[in-house]
Amino acid sequence: HAQCAHVWCALREALETAIHLTGASAKKHRSAFWGAFQRFFKALCISAKLDPLVECAETALANGHCVVIGLQTTGESVLTRAVDALGGAAPTSFISDMETTLLEAIEKLPTAAQGDEVGDG
């Protein structure tokens, strides 16, 4: 968690610098940044619960109980964007929703070339 927080702090500093240097819309870019930030850390928190969840489910199953697991989020929209970005090619490895969210946030940083536009997503 601490390493992730450091990465996002560095990305926020890069965002503020990019806004300053390009004159891009601070409101639009900050909104995109904080949305990605929240999606990333929500996925991180959910992933931190997986090991205890599996342990609890295995114990319940071993004791003859049924296990029902409800998902709050599946990361499907991030996965769909990542697969679409492959242009029809099959993924060659695991697609991480947290990694995809971080990379999309980096790609949305304003640059002199793109002026004041925020990428789709």
Side-chain angles (χ1 to χ4, degrees):
H1 177 267
Q3 290 175 336
C4 293
H6 288 296
V7 169
W8 280 92
C9 284
L11 185 57
R12 182 168 184 267
E13 289 175 14
L15 171 66
E16 294 302 325
T17 300
I19 288 170
H20 175 73
L21 293 175
T22 65
S25 168
K27 182 178 181 179
K28 183 173 18 177
H29 289 286
R30 286 179 184 141
S31 177
F33 171 85
W34 288 114
F37 176 91
Q38 290 175 341
R39 285 189 303 278
F40 180 91
F41 281 99
K42 179 179 181 182
L44 182 65
C45 289
I46 289 171
S47 69
K49 297 177 182 180
L50 280 179
D51 289 338
L53 173 67
V54 169
E55 183 180 317
C56 182
E58 288 175 342
T59 300
L61 290 171
N63 291 330
H65 300 284
C66 294
V67 176
V68 177
I69 299 171
L71 299 176
Q72 293 177 342
T73 182
T74 62
E76 182 180 3
S77 62
V78 174
L79 176 62
T80 299
R81 288 195 307 273
V83 169
D84 288 347
L86 296 173
T92 58
S93 64
F94 176 76
I95 296 176
S96 164
D97 60 344
M98 289 183 293
E99 178 182 10
T100 301
T101 298
L102 177 61
L103 292 174
E104 287 176 347
I106 292 168
E107 291 168 359
K108 289 180 183 179
L109 288 174
T111 64
Q114 65 187 162
D116 195 25
E117 296 182 16
V118 174
D120 293 333

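In this text, all values refer to a predicted model and were calculated from it rather than measured experimentally.
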For residues Trp34 and Val78: do they belong to one hydrophobic cluster (side chain heavy atoms under 4.5 Å, members Ile, Leu, Val, Met, Phe, Trp, Tyr)? no
With hydrophobic residues grouped by side-chain heavy-atom distances under 4.5 Å, do Leu102 and Phe33 end up in a single group? yes
Does Leu44 offer a backbone N or O that forms a donor-acceptor pair with the side chain of Ser47 under 3.5 Å? yes
For the student: nearest non-hydrogen atoms of Ala36 and Thr101, plus distance: O-CG2, 3.3 Å
Least distance between heavy atoms, Leu15 atom then Pro110 atom: CD1-CD, 3.9 Å
Heavy-atom closest pair (Ile69 atom, Val67 atom, distance to 0.1 Å) is CG1-CG1, 3.9 Å
Judged by atom type as modelled, is there a donor-acceptor pair below 3.5 Å linking the side chain of Thr59 to the main-chain atoms of Glu55? yes
Does the plane of the ring in Phe37 sit parallel, tilted or perpendicular to the ring in Phe41? Use 30° and 60° as the thresholds. tilted
Separation between CD1 (Ile95) and OG1 (Thr80), nearest 0.5 Å, reads 9.5 Å
Mind checking the NE2-NE2 spacing from His1 to His6? Nearest 0.5 Å is all I need. 10.0 Å
If you look at every heavy atom in Ser96 and Glu99, which pair is closest and at what distance? OG-N, 3.1 Å
According to the salt bridge (Lys or Arg N to Asp or Glu O under 4.0 Å) rule, which pairs have a member within residues 2-20, sequence neighbours left out? Glu16-Arg30
Are Lys108 and His29 close enough that some pair of their side-chain heavy atoms sits under 4.5 Å apart? no
Single-linkage hydrophobic cluster, 4.5 Å side-chain cutoff, Leu53 and Leu61 together: yes
OG on Ser77 to CZ on Arg39, rounded to 0.5 Å: 7.5 Å
Decide yes or no for Leu109 and Ile19: does some side-chain heavy atom of the first lie under 4.5 Å from some side-chain heavy atom of the second? no
Output, in order, the C-alpha distance, side-chain angles, deciding distance and verdict of side-chain contact (heavy atoms from CB on, under 4.5 Å) for Thr17 and His20. CA-CA 5 Å; Thr17 300; His20 175 73; 5.7 Å; no
Distance col, row Phe40:CZ vs Glu104:CD, nearest 0.5 angstrom, shows 12.5 Å
